[in-house]
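Okay, structure first, notes after.
Keep in mind the model is a prediction, meaning the values are calculated, not measured.
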Amino acid sequence: MINFDINKLETPYFAVDEALIKSNLEILADVKKRAGCKILLAQKAFSMFATYPLISQCLDGTCASGLHEALLAHEHFAGENHIFSPAYTEKDMPEILRVCDHLIFNSFSQWERFRHLAEGKTCGIRINPEFSTQDTAIYDPCSPMSRLGVTRGNFRPDLLEGISGMHFHTLCQQGAEELAATFKAAEEKFGEFFHKMDWLNFGGGHHITRDGYNIQLLVDTIKHAKQKYGVKIYLEPGEAIALDAGFLVAQVIDIIDNGGKIAILDASAACHMPDVLEMPYRPHIIGSGQPEEKPHTYRLGGPSCLAGDIIGDYSFETPLEIGTRLIFTDMAIYSMVKTNTFNGIKLPDLALHKLDGTLELVKTFGYEDFKMRLS
């Protein structure tokens, strides 16, 4: 639902709706209460820190994928500050230790290298249960030759002193059924060590706030782990916090015909929603249909020089015109954090639809944002 005037701001812009964020948080708060677990915001999916005061009222902290995300959480989010990286560096470690209270290591070689520095911190090891629940290798941490997590064959029980928890993250936009199956696989390979831990982290990729998600199975899986092993449980979803809570408002800037009608927008798949090309997927536009489903079909493309800067084919009830505004949905997650300035294309501005009904322009971007990254 759009509850703000889409014509109020210049396009392109992202708009995040606080009321929709709050609705997601209410579901997560219910999970926390029923399961007795802790939930962290995975900043890699959503890092609009203007919303952190709202999110921190419900969640227990954040998890970072590197130093800069950890610094952002330290500055703007009240709560625990967890970090995981496939490999830490000597250069970053002093700042990481200053701002983070939980450090998760990807290998025992990294643990051996930095354990003397991490004394006094809560430290964990990432495990790889070698149990794939998806078909796309690029999103599968359990695919062959994965660089993420320690397999059972490489596990070092002799190096567990100082390790208080284990972490696994194998899901991507999946349900509780995949989590339950993954946890069973993790138990079979690593369960003998779970009893020695204080906590287990079930990672992210949980679409908890999606319609039809089996919340009861999630709660049961968490309770089973807590009761059997005597551990605390962490979840670190990213998408679930801002699922369906963000929009990208774009404008038609030209229409051409080259074997079919093509509408060029001031929003780019390559620059503003890279997952459209990387996953790939077809984002929804409010009021649109599949090709030929409605009377007027267009191929929508961006303004960059990349021939493949194509968002997709859509149909509409009425013809598009130069100046027509289109609203892409579910654009808060993995879009805002992945934007880039290829071709010098302007980044979308950021807006927040506040709980009081006002539409606040939070951040604008321009030439300097492109220029400052290059020299």
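- Annotation: side chain of Met279 is in contact with side chain of Tyr139 (closest heavy-atom distance under 4.5 Å).
- When every heavy atom of His82 is checked against every heavy atom of Asp101, the shortest pair comes out as CD2-OD1, 4.2 Å.
- With hydrogens and angles ignored, the 3.5 Å screen pairs a side-chain donor or acceptor of Arg325 with a backbone N or O of Ile6.
- Contact of the Leu159 side chain with the Glu112 side chain is registered, since non-hydrogen atoms from C-beta on lie closer than 4.5 Å.
- Hydrophobic clustering keeps Ile104 apart from Met197 (ILVMFWY residues linked when any side-chain heavy atoms are closer than 4.5 Å, directly or through intermediates).
- Taking the six-membered ring where the residue is Trp, the centroids of Phe193 and Phe155 are separated by under 6.0 Å.
- Considering Lys223, His224, Gln216 as possible partners of Asp220, the one that fulfils the side-chain hydrogen bond (donor to acceptor under 3.5 Å, both in side chains) test is Gln216.
- Separation of the Phe84 and His169 ring centroids does not fall under the 6.0 Å cut-off.
- Atom-to-atom distance recorded for His353:NE2 and Ile21:CD1 is 13.0 Å, nearest 0.5 angstrom.
- Checked by atom type and distance alone, the side chain of Lys226 pairs as donor or acceptor with a backbone atom of Ala35 at under 3.5 Å.
- Counting heavy atoms from C-beta on, the side chains of Ile96 and Leu103 come closer than 4.5 Å.
- Salt bridge status for Arg152 with Glu192: present, with a side-chain N to carboxylate O gap under 4.0 Å.
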Which is it for Glu95 and Arg98 under the salt bridge (Lys or Arg N to Asp or Glu O under 4.0 Å) test, yes or no, and what are the steps along the way?
CA-CA 5 Å; Glu95 277 289 87; Arg98 182 179 70 85; 2.7 Å; yes
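- Using a 4.5 Å cut-off on side-chain heavy atoms (C-beta onward), Phe342 and Cys305 make contact.
- Side chains of Pro283 and Met331 form a contact here, defined as non-hydrogen atoms less than 4.5 Å apart.
- Legend: residues meeting side chain to side chain donor-acceptor pair (under 3.5 Å) with Gln174, ordered by chain and number and at least two apart, are Thr133.
- Under the 3.5 Å distance criterion, the side-chain polar atoms of Asn81 are left unmatched by any main-chain donor or acceptor of Cys100.
- Of the possible donor and acceptor atoms, none in the side chain of Asp17 sits under 3.5 Å from a partner among the backbone N and O of Ala245.
- Both tests pass for Lys363 against the ring of Phe365: distance under 6.0 Å to the centre and angle within 45° of the axis.
- Within 6.0 Å of atom CG in Asn3, more than 12 heavy atoms from other residues, nucleotides or ligands are found, so the atom counts as buried in its surroundings.
- Remark: Arg34 engages Asp30 in a salt bridge (charged side-chain N to carboxylate O under 4.0 Å, His left out) (not counting sequence neighbours).
- Side chains of Glu80 and Tyr234: a donor-acceptor N/O pair is present below 3.5 angstrom, by distance only.
- Partners of Phe49 under the side chain to side chain contact (heavy atoms under 4.5 Å, CB included) rule, at least two apart in sequence or in another chain, are Tyr52, Leu72, His76.
- Geometrically, Arg282 engages Tyr314 in a cation-pi contact defined by less than 6.0 Å to the ring centre and at most 45° from the axis.
- The six-membered or imidazole ring of Phe14 lies away from that of Phe247, with a centre-to-centre distance of 6.0 Å or more.
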